[in-house]
Amino acid sequence: MTLGAVPFRHTKVIHLIRHGQGFHNVAGHKDPTQYLSFDWEDAHLTEFGWQQAEALHRHIQNLPEQLQIDLVVSSPLTRTLETATGVFACQAWSDDSQGIPLMREQSGHQDRQAKRQAMSTAGCPPLIAHELCREHLGRHPCDKRQTLSHYKKQFPAVDFSLIETEEDELWGPDFREEKDQIKARGLKFMQWLMTRPEQRIAVVSHSSFLFFTMANFGLHTSALIQGELHRWYENCEMRTIVLSDDAGSGTVDPLWFPGGHQLQREGAKPPRENYEPPENAEPPEVVVPPEAPKT
């Protein structure tokens, strides 16, 4: 057994979720050349994909202890936004509901879009879209983003403030992102997660992105740990990791209590970054284990 310890405030709990089955997955499984077809541009979830998302929703609801999620971060593509809706939305939206819908009604179209009612934000964590966790960029139209205006109209309650351009300027038909580029983008995304104030974050993304992002981690761990981190993600699979920053750039620990000889009426202050013990503090006792008997 190999143990490690990191102060709580330098960690985050991250729930990694791949989107449910999309129409492009069905077509590409039958014929891989279909991934090059614009018929599946920014593909929607199939009916089965929605059922997968709703099954994960039930799984989360039925856990012995309530799953606390402070924020959901999603790729801005349709299938991930739909998956986030299916997993985390708790009730339907109607004209009588308060506020704007998380997702507007979908009329449905055979082999293109599943019919779905509008969903409410009630009971749903805040949801923000981020381009860094998009799928493998280039060549495959299923991974091409639509206009920002389109998503804002269909998913009114999603925060799209981090999407900087109306048109998709990251995808192109004549190039394919290198694997090392995905890994670097994934590492940048995980570093961004560590800067967030939220402690428990769900990420809804894509198979290649999650696979190559996780390839950055656990390289010096056991085969068991590497096997869990570096396994391909199934549709709508959720795995949970603890992300830690050994460099120590975490946020304030809400569980920390200062102790000591003085009570603070206004609440405790966070620990100082460069803490120095008092001059009169006694050094900790060093216990030297006895030598093993010679045989």
Side-chain angles (χ1 to χ4, degrees), residues 12-37 40 42-57 59-60 72-84 86-88 130-145 170-171 175-191 193 201-243:
K12 293 190 186 296
V13 177
I14 310 295
H15 307 283
L16 301 171
I17 302 170
R18 182 190 174 190
H19 64 79
Q21 183 194 71
F23 284 100
H24 68 302
N25 293 134
V26 176
H29 182 74
K30 296 177 180 177
D31 177 6
T33 64
Q34 285 293 306
Y35 285 117
L36 299 173
S37 172
W40 316 115
D42 188 29
H44 286 263
L45 294 184
T46 64
E47 177 61 34
F48 182 65
W50 276 102
Q51 292 173 9
Q52 289 175 316
E54 290 159 358
L56 178 53
H57 173 86
H59 167 76
I60 292 172
V72 179
V73 183
S74 175
S75 157
L77 299 186
T78 294
R79 59 188 181 271
T80 44
L81 292 169
E82 289 178 341
T83 300
V87 172
F88 296 107
H130 203 311
E131 299 245 58
L132 277 178
C133 62
R134 282 179 58 174
E135 182 58 305
H136 201 157
L137 295 170
R139 196 166 299 156
H140 293 178
C142 56
D143 302 326
K144 184 179 184 298
R145 174 168 71 78
L170 300 177
W171 185 91
F175 81 96
R176 187 71 168 156
E177 192 176 22
E178 299 290 339
K179 295 175 181 177
D180 285 345
Q181 292 176 310
I182 307 174
K183 289 177 63 177
R185 177 161 59 89
L187 185 59
K188 185 177 180 180
F189 175 71
M190 300 301 267
Q191 291 168 340
L193 287 179
I201 302 173
V203 174
V204 185
S205 186
H206 308 264
S207 56
S208 287
F209 176 81
L210 293 171
F211 178 80
F212 288 112
T213 296
M214 287 296 97
N216 289 299
F217 302 99
L219 301 180
H220 303 293
T221 59
S222 69
L224 174 65
I225 299 298
Q226 291 190 44
E228 293 182 25
L229 287 175
H230 303 157
R231 192 175 72 248
W232 196 260
Y233 278 72
E234 298 295 333
N235 284 121
C236 228
E237 181 180 0
M238 180 176 76
R239 298 182 210 161
T240 299
I241 64 168
V242 176
L243 186 64

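- His15 is listed as a side-chain neighbour of Val13, based on a closest heavy-atom distance under 4.5 Å.
- Across Phe175 and Leu170, no two heavy atoms sit closer than the pair CZ-O, 3.2 Å.
- For the atom pair CG of Leu187 and CG of Asn216, the computed distance is 5.0 Å after rounding to the nearest 0.5 Å.
- A donor-acceptor distance shorter than 3.5 angstrom exists from the side chain of His230 to the backbone of Phe217, with no hydrogens or angles considered.
- Counting heavy atoms of neighbouring residues, nucleotides and ligands inside a 6.0 Å radius, atom CD of Glu178 does not exceed 12 of them.
- The two residues Phe88 and Ala202 make their nearest non-hydrogen contact at CZ-CB, 3.6 Å.
- Considering only heavy atoms from C-beta on, Arg18 stays 4.5 Å or farther from His206 through its side chain.
- For the pair His44/Phe23, a side-chain contact is recorded, criterion being any heavy-atom separation below 4.5 Å from C-beta on.
- A tilted orientation is assigned to the rings of Trp232 and Phe211, their planes being inclined by 30° to 60°.
- Classification of Glu177 and Arg139 as a salt-bridged pair fails, no side-chain N sitting under 4.0 Å from a carboxylate O.
- Atom-to-atom distance recorded for Glu234:CD and Gln52:CD is 9.5 Å, nearest 0.5 angstrom.
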Worked check of side chain to side chain donor-acceptor pair (under 3.5 Å) between Ser74 and His130: CA-CA 6 Å; Ser74 175; His130 203 311; over 6 Å; no
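- Ring pair His136/Phe212 is perpendicular by interplanar angle, where above 60° counts as perpendicular and below 30° as parallel.
- Judged by the 6.0 Å and 45° rule, Arg239 forms a cation-pi pair with Tyr233.
- Annotation: side chain of Glu237 is not in contact with side chain of Ile17 (no heavy-atom distance under 4.5 Å).
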Worked check of side-chain contact (heavy atoms from CB on, under 4.5 Å) between Gln21 and Trp50: CA-CA 8 Å; Gln21 183 194 71; Trp50 276 102; over 6 Å; no
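- When all heavy atoms of Gln226 and Gly218 are compared, the closest pair comes out as CG-O, 3.0 Å.
- For the pair Trp40/His140, no side-chain contact is recorded, criterion being any heavy-atom separation below 4.5 Å from C-beta on.
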Verdict with supporting geometry, His19 and His24, ring pair (Phe, Tyr, Trp, His ring centres under 6.0 Å): CA-CA 12 Å; His19 64 79; His24 68 302; 5.8 Å; yes
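- Shown here for Arg176 and Gly138, the closest heavy-atom pair between the two residues is NH1-O, 2.7 Å.
- Counting heavy atoms from C-beta outward, Val72 and Val203 have side chains that stay 4.5 Å or more apart.
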Working for side-chain contact (heavy atoms from CB on, under 4.5 Å), residues Gln34 and Cys142: CA-CA 10 Å; Gln34 285 293 306; Cys142 56; over 6 Å; no
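- Residues Lys188 and Thr213 have side chains not in contact (no heavy-atom distance under 4.5 Å, counting atoms from C-beta outward).
- Atom CG of Leu132 is separated from atom OG of Ser205 by 10.0 Å, given to the nearest 0.5 angstrom.
- Taking the side chain as every heavy atom from C-beta outward, Arg145 and Glu131 approach each other to under 4.5 Å.
- Leu210 CG to Cys133 SG: the interatomic distance, rounded to the nearest 0.5 Å, is 8.5 Å.
- In this structure, Thr83 contributes its side chain and Ala53 its backbone to no donor-acceptor pair below 3.5 Å.
- Exactly one residue among Met190, Arg231, Glu228 makes a side-chain contact (heavy atoms from CB on, under 4.5 Å) with Met214. That residue is Met190.
- Judged purely by atom type and a 3.5 angstrom limit, Glu54 has no side-chain atom pairing as donor or acceptor with the backbone of Val87.
- Distance check, rounded to the nearest 0.5 Å: OG1 of Thr240 to CG of Leu16 gives 7.5 Å.
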Evaluation steps, side-chain contact (heavy atoms from CB on, under 4.5 Å), between Leu137 and Arg185: CA-CA 11 Å; Leu137 295 170; Arg185 177 161 59 89; 4.1 Å; yes
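- Note that NZ of Lys12 is 12.5 Å distant from CD1 of Ile241, once rounded to the nearest 0.5 Å.
- Among Asn235, Asp143, Asn25, the single residue meeting the side chain to side chain donor-acceptor pair (under 3.5 Å) criterion with Arg79 is Asp143.
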Evaluation steps, side-chain contact (heavy atoms from CB on, under 4.5 Å), between Val73 and Val204: CA-CA 6 Å; Val73 183; Val204 185; over 6 Å; no
